[in-house]
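If you're wondering where the values come from, they're calculated on a predicted model, not measured in any experiment.
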Amino acid sequence: MQKTFQSDKYLPTNLFLWVTVIFLISTPFFTPNDQLDMIVPLIICLATAALLVWILLDTKYKINGSFLHYYSGPIRGKIDIFRITKITNHEGLFVGTTLKPALGTKGLIIHYSKFDDIYISPKNKQAFIDALLAVNPHIEVK
């Protein structure tokens, strides 16, 4: 059984990131073409834009067997669903030191192992929770 859940997207943050990408990509067009010392900054701008596009287009969560896989650009990982102890709702921009492979502000904090947690924001939170509970019905949902 494999299910994929897209990340919810907070519109102001999403717009800000896309405007930043457009600015970074347009930078080479406003730079003098005859200056070789601008190559490194241009490469940095284009690499940063590529990273932001990767995050914007590839933030999702997959439940595959007994593992929850999360993807957000280069941030990737998996969590054994049987190690998840609790799921709590969270609203707001700041989550503390929790890893946050998410684009939304109304998400879930998944507590697993003894001291680990992660913030994610699936579009359909209830279907996501139901899919986790189908694998591990002992997860506490708050």
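Atom OG1 of residue T88 and atom CD1 of residue I109 lie 4.5 Å apart, to the nearest 0.5 angstrom. Distance CD1/I75 to NZ/K100: 11.0 Å, rounded to 0.5 Å. For the atom pair CG (L108) and CG (D8), the distance works out to 10.5 Å, reported to the nearest 0.5 Å. A distance of 11.5 Å separates CD1 in I43 from OG1 in T48, rounded to the nearest 0.5 Å. The distance from atom CG of N14 to atom CG of L17, rounded to the nearest 0.5 Å, is 6.5 Å. Atom NZ of K78 and atom OG of S66 lie 8.5 Å apart (nearest 0.5 Å).
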> Given Y119 and I110, is the side chain to side chain contact (heavy atoms under 4.5 Å, CB included) satisfied, shown in steps?
Replying inline: CA-CA 6 Å; Y119 175 86; I110 296 180; over 6 Å; no

>> R76 vs D58, test: side chain to side chain contact (heavy atoms under 4.5 Å, CB included). Steps then yes/no.
In response: CA-CA 10 Å; R76 295 165 180 268; D58 190 42; 2.4 Å; yes

>> One pair to check against side chain to side chain contact (heavy atoms under 4.5 Å, CB included): L68 and Y112. What are the steps and the verdict?
In response: CA-CA 11 Å; L68 165 61; Y112 61 100; over 6 Å; no

>> Does K62 form a side chain to side chain contact (heavy atoms under 4.5 Å, CB included) with Q2? I'd like the steps, not just the answer.
In response: CA-CA 7 Å; K62 287 184 182 178; Q2 179 173 336; 3.4 Å; yes

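In this structure, N89 and K142 have side chains that are not in contact, with every pair of non-hydrogen atoms separated by 4.5 Å or more.
Side-chain atoms of S121 never come within 3.5 Å of backbone atoms of G107 as a donor-acceptor pair (strictly under, hydrogens ignored).
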Could you go through residues 124-136 and list every donor-acceptor pair under 3.5 Å that involves a side-chain atom there, pairing it with any protein atom two or more places apart or in another chain?
{"residue": "N124", "atom": "OD1", "partner": "A127", "partner atom": "N", "Å": "3.1"}
{"residue": "K125", "atom": "NZ", "partner": "K106", "partner atom": "O", "Å": "2.7"}
{"residue": "K125", "atom": "NZ", "partner": "P122", "partner atom": "O", "Å": "3.2"}
{"residue": "Q126", "atom": "NE2", "partner": "D130", "partner atom": "OD1", "Å": "2.9"}
{"residue": "N136", "atom": "OD1", "partner": "H138", "partner atom": "N", "Å": "3.0"}
{"residue": "N136", "atom": "ND2", "partner": "I81", "partner atom": "O", "Å": "3.1"}

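A cation-pi contact, defined as under 6.0 Å to the ring centre and within 45° of the axis, is absent between K60 and Y70.
Shortest non-hydrogen contact noted between L56 and W18 is CD1-CE2, 3.5 Å. In this structure, T59 and P101 approach most closely via the heavy-atom pair CG2-O, 3.7 Å. Residue L103 comes nearest to S7 through the heavy atom pair N-OG, 3.2 Å, listed as atom of the first residue, atom of the second, then distance. For the residue pair S72 and A102, the shortest heavy atom distance occurs at OG-N, 4.5 Å. Shortest non-hydrogen contact noted between I139 and I84 is CG1-O, 3.6 Å.
Placement of L57 and V21 within a single hydrophobic cluster is found when ILVMFWY residues are connected by side-chain heavy-atom separations under 4.5 Å, directly or transitively.
T20 pairs by the side chain to side chain contact (heavy atoms under 4.5 Å, CB included) definition with F16, L24, L52, not counting sequence neighbours.
Using cut-offs of 30° and 60° for the angle between ring planes, the H69 and Y71 rings count as parallel.
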